[in-house]
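Naming: A, B, ... by sequence-line order, numbering from 1 per chain.
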There are 2 protein chains.
Amino acid sequence: MTETDRRVAVFETQLKGAGLRMTQQRRLILRVLAEADDHPDAKGIFTRAFAHDPTLSLSTVYRTMKVLESQGAIERHAFEDGISRYEHAHQEHHDHLIDIDSGEVIEFSSDAIEELQRRIAAELGYELVRHRLELYGRKKQPARKGSRK
Amino acid sequence: MTETDRRVAVFETQLKGAGLRMTQQRRLILRVLAEADDHPDAKGIFTRAFAHDPTLSLSTVYRTMKVLESQGAIERHAFEDGISRYEHAHQEHHDHLIDIDSGEVIEFSSDAIEELQRRIAAELGYELVRHRLELYGRKKQPARKGSRK
DNA sequence: TTCAGTATCGAGAAGCATTCGCATTAATAT
DNA sequence: ATATTAATGCGAATGCTTCTCGATACTGAA
């Protein structure tokens, strides 16, 4: 709760600095995102927020996501299906592993991969600005006696 | 020309085997793709093919891309903008580096990265099925005397 | 507190890439 | 040749996202 409040307060300050306003809707959406531990899409965010404020509109969710993103408060990702999914911004960069069967999104980071990417870009004559890495996998059965294959 | 004809012939055999038909439209679209050295989207493919057959419809392009993809004749990629782009299938797996300024797509492959990804997935308890890696970069100025920064 | 100015909102229309439905056409096997 | 039916063309429909616009409600100043 306190952590969420802190996020809201920080964001409000950022908004004011940009000549923007803190509204009930933005507060609510920010709260929903701060308390989400998954990567919901616009509709998912809308559904959760709508439960707290039935006057909220989907348009506002989309608009708010843009504002939040431009302020660096959240990150937007588009995986295979092309639908935008959101998560509150971490300080540490990370990539995603998506469970093919369940759709679950697991986060990970690897300095080795980051470095390798930078090197590959450099070899091609490019300066790496950003990247997108998604692994799609299937949960392994824990190895156990008698497990076949 | 010969290489393109060979591709068309191979694909026709695959189609027959699946109880499907080789049509003028499929031949044309396959030809356009075989001779493309970039990663066009559906509209781009349609435009090029339309020049040879003004009766072609965009629906057919989309339908054909699905067939081609299911037969493994082409690969589909969706970069940042969410639009599907296509290329004829290579035998070797590769990833893409996208030039931020020009939009140009450069292909590359790295066994080291492939291996690293497999290892990361394994550490998270997953078997890697496939992945998506896109690097976004900016062309470096060739280092020269007097270059600042 | 009240008020003016304007950023934001809700609701629905509009955009865009992609897919569908269906009557018509054409590829294939006999 | 001819029947079978996959494939086509065209327009309508879909689904996510953005835009339009009149109404609403933040915010700073009085």
Would you indicate what A:Arg63 reaches in the nucleic acid, counting non-hydrogen atoms under 4.0 angstrom: base, sugar-phosphate, or nothing? base

Selected nucleotide, minimal atom distance to B:Arg21 side chain, candidates C:dA27, D:dG28, C:dG10: C:dA27

Return the nearest nucleotide to the side chain of A:Gln24; candidates are D:dT8, D:dC26, C:dT8. D:dC26

Please give, in whole Å, the distance from [N] [atom2] to [X] [atom1]?
{"X": "B:Asp53", "N": "D:dG9", "atom1": "CG", "atom2": "C1'", "answer": "11 Å"}
{"X": "B:Ile45", "N": "C:dA17", "atom1": "CD1", "atom2": "C1'", "answer": "14 Å"}
{"X": "A:Tyr62", "N": "C:dA13", "atom1": "OH", "atom2": "C1'", "answer": "16 Å"}
{"X": "B:Met22", "N": "D:dT5", "atom1": "CE", "atom2": "C1'", "answer": "18 Å"}
{"X": "A:Leu58", "N": "D:dC19", "atom1": "CG", "atom2": "C1'", "answer": "13 Å"}
{"X": "B:Glu12", "N": "C:dA27", "atom1": "CD", "atom2": "C1'", "answer": "10 Å"}
{"X": "A:Ile83", "N": "D:dT18", "atom1": "CD1", "atom2": "P", "answer": "13 Å"}

Please work out whether the ring planes of B:His93 and B:His131 are parallel, tilted or perpendicular, with thresholds of 30° and 60°. perpendicular

Salt bridge or not for A:Arg31 and A:Asp53, using N-O below 4.0 Å? no

Do the side chain of B:Ser59 and the base of D:dG11 come within less than 3.5 angstrom through a donor-acceptor pair of N or O atoms? yes

